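Working notes, structure below.
Along the sequence shown, residues carry numbers from 1. Note that the coordinates shown come from a computational prediction; the quantities given were computed from them, not determined experimentally.
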Amino acid sequence: MTTTAIRSKLFDYIRLADDKKLKAIFTILENEISETKNWWEDKALLNDFDKRFNDWESGKDKGFSMNQIKQEIITKK
């Protein structure tokens, strides 16, 4: 089963779960959820964003037009 399929099944299950099951799931995942890092505090990620932006701004990376992005989304569906 793909990660996407698993994510979809879990989303549906959580969306429809009764209160007792929802609380149980949250209890199991609570530590993982609270340990999630804030992306804006991740120096490596911020450095990568800066590099990508600078490459785009300088013309080294052309990026993608909105039409290209829309077409890619349509192709992936």
Side-chain angles (χ1 to χ4, degrees):
M1 185 180 303
T2 67
T3 303
T4 303
I6 293 169
R7 186 173 280 121
S8 179
K9 284 184 175 259
L10 285 172
F11 177 77
D12 287 341
Y13 183 80
I14 290 170
R15 191 169 46 89
L16 301 172
D18 62 36
D19 289 348
K20 185 177 178 181
K21 289 178 183 174
L22 198 56
K23 288 177 183 176
I25 293 167
F26 182 77
T27 300
I28 292 169
L29 298 174
E30 187 173 14
N31 286 339
E32 182 74 24
I33 293 168
S34 64
E35 291 176 7
T36 303
K37 292 177 75 174
N38 297 325
W39 65 266
W40 56 88
E41 294 175 351
D42 185 338
K43 296 292 184 195
L45 181 62
L46 294 177
N47 288 337
D48 185 50
F49 286 165
D50 286 340
K51 180 189 178 310
R52 290 171 184 251
F53 176 77
N54 290 334
D55 287 349
W56 172 78
E57 193 172 46
S58 72
K60 184 176 178 182
D61 183 345
K62 298 296 181 194
F64 297 94
S65 71
M66 283 305 294
N67 286 337
Q68 289 171 312
I69 293 169
K70 287 177 186 177
Q71 188 59 45
E72 184 69 17
I73 291 170
I74 290 168
T75 302
K76 297 291 182 186
K77 283 188 174 180

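- Alongside Ile73, the hydrophobic cluster contains Phe64, Met66, Ile69 (criterion: ILVMFWY side chains under 4.5 Å).
- Leu10 places a side-chain heavy atom less than 4.5 Å from the side chain of Ile6.
- Linking Ile, Leu, Val, Met, Phe, Trp and Tyr residues whenever their side-chain heavy atoms come within less than 4.5 Å leaves Phe11 and Ile14 in two separate clusters.
- Salt-bridge formation is not detected for the pair Asp19/Lys23: no Lys NZ or Arg NE/NH1/NH2 atom is positioned less than 4.0 Å from an Asp or Glu carboxylate oxygen.
- Panel note: side chain Ser58, backbone Asn54; a donor-acceptor pair is recorded below 3.5 Å.
- Within the structure, the salt bridge (Lys or Arg N to Asp or Glu O under 4.0 Å) test picks out the following pairs touching residues 1-14 (sequence neighbours left out): Asp12-Arg15.
- Proximity of a side-chain donor or acceptor of Asn38 to a complementary backbone N or O of Trp40 within less than 3.5 Å is not detected.
- With sequence neighbours excluded, the residues forming a side chain to side chain contact (heavy atoms under 4.5 Å, CB included) with Ala17 are Tyr13, Lys21, listed by chain and number.
- For Trp39, the side chain to side chain contact (heavy atoms under 4.5 Å, CB included) partners at least two apart in sequence or on another chain are Leu45, Leu46, Phe49.
- Take Ile28 and apply the side chain to side chain contact (heavy atoms under 4.5 Å, CB included) test, not counting sequence neighbours, and it matches no residue.
- Between Gln71 and Thr75 the shortest side-chain heavy-atom distance falls below 4.5 Å.
- The local environment of CG in Asn47 is crowded, with over 12 non-hydrogen atoms from other residues, nucleotides or ligands closer than 6.0 Å.
- Sequence neighbours left out, the pairs with a member in residues 56-72 that pass salt bridge (Lys or Arg N to Asp or Glu O under 4.0 Å) are Glu72-Lys76.
- Taken to the nearest 0.5 Å, the CD1 atom of Ile25 stands 13.0 Å off from the NZ atom of Lys20.
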